[in-house]
Amino acid sequence: MKVLVIGGGGREHALAWRLHHSPSVTKVYATPGNPGIAKIAQCETATDYVQLAEQLHVDLTVVGPEVPLVAGVVDQFRLRKLPIVGPTAANAALEGSKIHSKRFMEAHGIPTARFHTAATPAEATEALRAFRFPVVLKTDGLAAGKGVVIAQTPAEAADAIETLPCPLVIEEFLEGEEVSFIALCDGHRALALEPSQDHKRIFDNDEGPNTGGMGAYSDSAILTETQRSHILETIVNPVIHATGFTGFLYAGLMMTPSGPSVLEFNVRMGDPETQPLMLRLLSDWGETLMAAAKGALPSSIQWSPQPATCVVLASAGYPGANQTGQAIHLPEATPDGTTIFHAGTKRQGDHLVTAGGRVLGVTALGNTLPESIDNAYAAVAQIRFEGMQYRRDIGKKGLKRYNTV
Ligand code: AMP
Ligand code: GLY
């Protein structure tokens with residue numbers, strides 16, 4: 001079959017790469033794609049995705065980013081009976097509006113932090129009285145990871161109220177470990193992918209501002225079977241039953257002492273979580289996605305027991321205004337089990353140059369989590385561009401599971 005991937009970041013490179021290695025897939029297209037994707041897929045520029053899918057006679061389309069989903073790309077494909085993996089615009093509102101998402105969780109008994117909503121700054125100031133510090137303030141709409149402030153003091157909360165666009169969600173601060181739990185849904189049933197953890201802050205030890213994600217690892221040991229079933233029953237299945245959800249439902253969870261609680265829903269795979277997940281996946285991804293699009297998901301898929309780690313290499317200045325156009329030096333080859341996924345890169349003549357905040361996602365398998373971390377950083381050591389910044393501690397929070405023998 002021929003498959004079209006919508007998007008052009010690291011997540012989409014990983015999706016296209018896994019599809020390229022799927023026995024059922026004869027050709028991969030991507031729009032807009034990127035120079036890394038162009039090595040394994042045909043990249044096309046398009047504004048009308050339906051027209052492109054029809055022109056290319058693709059059998060299946062998979063959507064990477066949230067923006068086209070919220071804009072209704074899945075609804076448009078369904079009108080033309082074109083198979084696609086993703087949620088309808090109505091269901092994408094679980095990510096597109098935090099107020100909708102919180103109210104939905106409240107209505108369906110899905111565990112989430114206690115919250116108030118505020119339509120104006122004055123209402124927000126009033127709502128604060130119902131919370132202790134730290135308190136969390138979130139803008140309602142899509143904000144690419146920049147719409148959340150954790151205020152430690154009343155002064156910080158007042159600042160946040162001034163800068164975040166209204167309406168706002170104000171919610172209780174939760175403590176615990178964060179887990180990315182992603183399930184592929186076919187409208188009736190969910191297939192949980194392996195668990196992963198993101199590293200959202202720019203600096204080591206989770207310091208500095210939030211980013212789109214500076215690295216991620218996936219390791220079976222993150223969640224027990226019992227925890228996975230519990231999350232499916234209390235969080236994912238209620239969404240599917242209430243909405244007929246299709247596509248990827250990503251629950252950003254806080255594992256609190258009283259159980260998993262939803263920090264946010266996303267309606268797509270995570271970036272950079274997808275990169276280690278695609279390295280670990282053994283099943284035919286094309287077949288699995290087609291089954292999801294047809295409402296007939298298999299009950300399980302195969303994963304490598306090996307953990308995988310992805311280290312993001314970012315441009316100087318990221319997540320603020322960043323410098324682009326720097327020449328990128330890559331190794332000629334990478335060892336088996338290591339893949340360099342492109343995110344913000346571009347061809348300039350014969351050169352590969354930086355073209356965004358997050359530039360590359362260096363991803364590696366290993367027999368153990370420490371080995372996968374070492375393998376990823378060994379490849380990082382062979383890559384150079386001016387101003388390159390990255391975290392040195394990706395995956396380290398998972399190591400505690402290896403020290404409990
Ligand atoms: P969100 O976009 O809602 O996932 O928020 C971004 C990040 O802010 C999350 O990954 C958490 O690290 C943090 N965060 C969000 N909500 C809370 C909360 N209620 N308690 C503690 N941390 C939170
Ligand atoms: N890695 C977090 C996200 O994709 O939203």
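Numbering of ligands and ligand atoms starts at 1, following listing order. Residue indices begin at 1 and follow the sequence shown. Computed from a predicted model, the values in this text were never measured in an experiment.
Because its NZ or CZ atom is both nearer than 6.0 Å to the ring centre of Phe131 and within 45° of the ring axis, Arg114 counts as a cation-pi partner of that residue.
Here's the thing with Glu273: one of its N/O atoms is less than 3.5 angstrom from an N/O atom of ligand 2.
With respect to the salt-bridge test (charged N to carboxylate O, under 4.0 angstrom), the residues Glu171 and Lys102 qualify. The existence of a salt bridge linking Arg129 and Glu123 is excluded, since no basic side-chain nitrogen approaches an acidic carboxylate oxygen closer than 4.0 Å. A salt bridge between Glu66 and Arg268 is present, with a side-chain N of the basic residue lying under 4.0 Å from a carboxylate O of the acidic one. Checked for salt-bridge contact, Lys397 and Glu177 miss the test: no charged N lies under 4.0 Å from a carboxylate O. Using a 4.0 Å cut-off between a side-chain N of Lys or Arg and a carboxylate O of Asp or Glu, Asp75 and Arg80 do not qualify as a salt bridge. Using a cutoff of 4.0 Å between basic side-chain nitrogens and carboxylate oxygens, Glu194 and Arg228 are scored as salt-bridged.
Heavy-atom contacts of Gly270 reach the following atoms of ligand 2: 4 (O) (cutoff under 4.0 Å). Every atom of ligand 1 is numbered from 1 in the order shown, and the set under 4.0 Å from a heavy atom of Leu174 is 18 (C), 19 (N), 20 (N), 21 (C). Taking every heavy atom of Glu171 and a limit of under 4.0 angstrom, the matching atoms of ligand 1 come to 16 (N), 17 (C), 18 (C), 19 (N). Close approach to Lys138 involves these atoms of ligand 1, each under 4.0 Å from a residue heavy atom: 3 (O), 15 (C), 16 (N). Close approach of ligand 2 to Asn266 (heavy-atom distance below 4.0 Å) involves ligand atoms 5 (O). Under a 4.0 Å criterion applied to the non-hydrogen atoms of Lys200, ligand 1 contributes the atoms 10 (O).
Using a 4.0 Å heavy-atom cutoff, Gly212 is listed among the residues neighbouring ligand 2. At least one heavy atom of Lys98 sits closer than 4.0 Å to an atom of ligand 1. Note on ligand 2: Gly213 sits outside its first shell, no heavy atom being nearer than 4.0 Å.
Contacts of Leu263 with ligand 1, taken as heavy-atom pairs under 4.0 Å, involve both backbone and side chain. Contacts with ligand 1 closer than 4.0 Å are made by backbone heavy atoms (N, CA, C, O) of Glu172 only, the side chain lying farther away.
Comparing heavy-atom distances from atom 14 (N) of ligand 1 across Val135, Thr139, Ile150, Val262 singles out Ile150 as nearest. When Met254, Arg201, Glu178 are checked for heavy-atom proximity to atom 10 (O) of ligand 1, Glu178 turns out nearest.
Ring geometry, Trp17 versus His21: the interplanar angle exceeds 60°, so the pair is classed perpendicular (tilted spans 30 to 60°).
Judged purely by distance below 3.5 Å, without hydrogens or angles, the side chains of Ser372 and Tyr217 never pair a donor atom with an acceptor atom. Asn34 and Thr345 share no side-chain donor-acceptor pair at under 3.5 Å.
Ranking the protein heavy atoms by distance from atom 5 (O) of ligand 2 puts Arg268 NH2, 2.9 Å first. Nearest protein heavy-atom contact of atom 2 (C) of ligand 2 is Asp198 OD2, 3.3 Å.
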